[in-house]
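Taking it in order: structure first as structure tokens, then the write-up.
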Amino acid sequence: MTAKLRVAVFPVAGLGTRFLPATKAMPKEMLTVVDRPVIQYAVDEAKQAGIEHFVFVTGRNKSVIEDHFDRQFELEHTLEQRGKTEALQLLQADLPQPGKTSFTRQQEPLGLGHAVWCARELVGDEPFALLLPDMIFKSEQGVLAQMIAAYEQHGGNVLAVEEVAPEDVSSYGVVGRGEGPDEGFEITQMVEKPKQADAPSNLIISGRYILQPEVFELLENQAKGAGNEIQITDAMQGLLGKQRFTGVKYKGTAFDCGSKVGFLSANVAFALERQDIAVEFLHELNQIIRAAKR
Ligand code: UTP
């Protein structure tokens with residue numbers, strides 16, 4: 001029997017330098033895709049997968065994320081007075097249950113691995129999901145829910161992976177593929193940002209993890225790796241051979257909202273799915289494209 005996955009960690013302490021100046025005073029996780037902040041998509045995915053407790057590793061300028069997951073009495077009161085019940089219901093539906101969120105700070109952005117380590121006391125001695133909110137997905141079943149199916153079968157650690165062009169592997173964490181189907185295969189190797197010639201495959205880790213708590217022990221003494229940052233992939237590499245790592249080639253489309261093109265594409269893709277604006281937006285979009293071609 002595998003231990004139930006209750007807790008999810010959201011590292012949101014990065015500097016977001018690729019989005020300056022937008023991210024000078026505002027966290028990149030609060031940039032909006034249509035009308036929801038990017039972080040909300042990852043939280044929704046975790047909620048749908050049955051996660052009960054949400055741990056945020058924040059940094060300076062990030063208190064607005066905490067406010068986003070809190071009540072806004074003044075706003076709620078004004079909406080109520082103006083009879084805007086639909087907007088009010090929308091706010092209430094997104095609100096986490098009292099006591100089900102925790103916030104800690106990564107005082108210096110020393111890397112993703114370090115951000116995860118900062119959550120160790122809040123997670124404790126149990127498996128946890130790690131969701132990088134930059135990555136959002138359009139999929140029939142949520143990506144974390146797809147991974148939980150593999151976790152229930154294999155236990156241990158589970159990573160969501162996707163295929164990229166071989167020349168792009170050097171920007172990502174890359175895994176080696178062993179036995180098993182797309183829904184759950186054994187991972188034989190992991191390497192962060194390898195040169196194309198050294199990459200074990202073109203399967204990259206795409207922002208969703210289920211990890212066992214032993215990873216915190218490795219992160220405790222983890223030296224800096226690629227990009228002079230403490231890398232989660234290096235810590236996982238240290239556990240490989242001692243614990244099972246399963247890869248799930250998820251069904252769905254990823255948008256990397258940490259990059260400008262990914263973020264803009266996400267806005268287009270999600271807007272075109274929205275009943276309230278899709279027709280009008282498509283019309284505008286076609287006009288913009290036509291004008292750009294001239
Ligand atoms: P990224 O490397 O994509 O985020 O980290 P970044 O450093 O903020 O972005 P750029 O490259 O400067 O534009 C992936 C995730 O890990 C978090 C980020 O907030 C993001 O959600 N992160 C990264 C931390 O929480 N702490 C860190 O030290 C680094």
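In this text the structure is predicted, and so the values were computed from the model without any measurement. Both ligands and their constituent atoms are indexed starting at 1 by order of listing.
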Sequence neighbours excluded, the answer for ring-ring contact (aromatic ring centres under 6.0 Å, His included) partners of Phe263 is Phe19
Identify, with sequence neighbours excluded, every residue that meets ring-ring contact (aromatic ring centres under 6.0 Å, His included) alongside Phe245.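 Applying ring-ring contact (aromatic ring centres under 6.0 Å, His included) to Phe245 gives none.
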Show me the donor-acceptor pairs, under 3.5 Å and distance only, between side chains in residues 139-146 and residues at least two apart or in other chains.
| unit_1 | atom_1 | unit_2 | atom_2 | d |
| --- | --- | --- | --- | --- |
| Ser139 | OG | Gln141 | O | 2.7 |
| Gln146 | OE1 | Lys251 | N | 2.8 |
| Gln146 | NE2 | Gln141 | O | 2.9 |
| Gln146 | NE2 | Lys251 | O | 2.9 |

Let me check something: do Met147 and Val116 share a hydrophobic cluster, defined by ILVMFWY side-chain heavy atoms less than 4.5 Å apart, either directly or through other members? no
Students often mix this up, so state it plainly: with edges at 30° and 60°, are the rings of Tyr41 and Phe270 parallel, tilted or perpendicular? perpendicular
As a test of reading the model: which residues have a non-hydrogen atom less than 4.0 Å away from ligand 1?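 Shell around ligand 1 (4.0 Å, heavy atoms): Pro11, Val12, Ala13, Gly14, Leu15, Gly16, Thr17, Arg18, Lys28, Glu29, Gln106, Pro109, Leu110, Gly111, Leu112, Ala115, Pro133, Asp134.
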Does Arg177 reach the main-chain N or O of Gly180 with its side chain, forming a donor-acceptor pair under 3.5 Å? yes
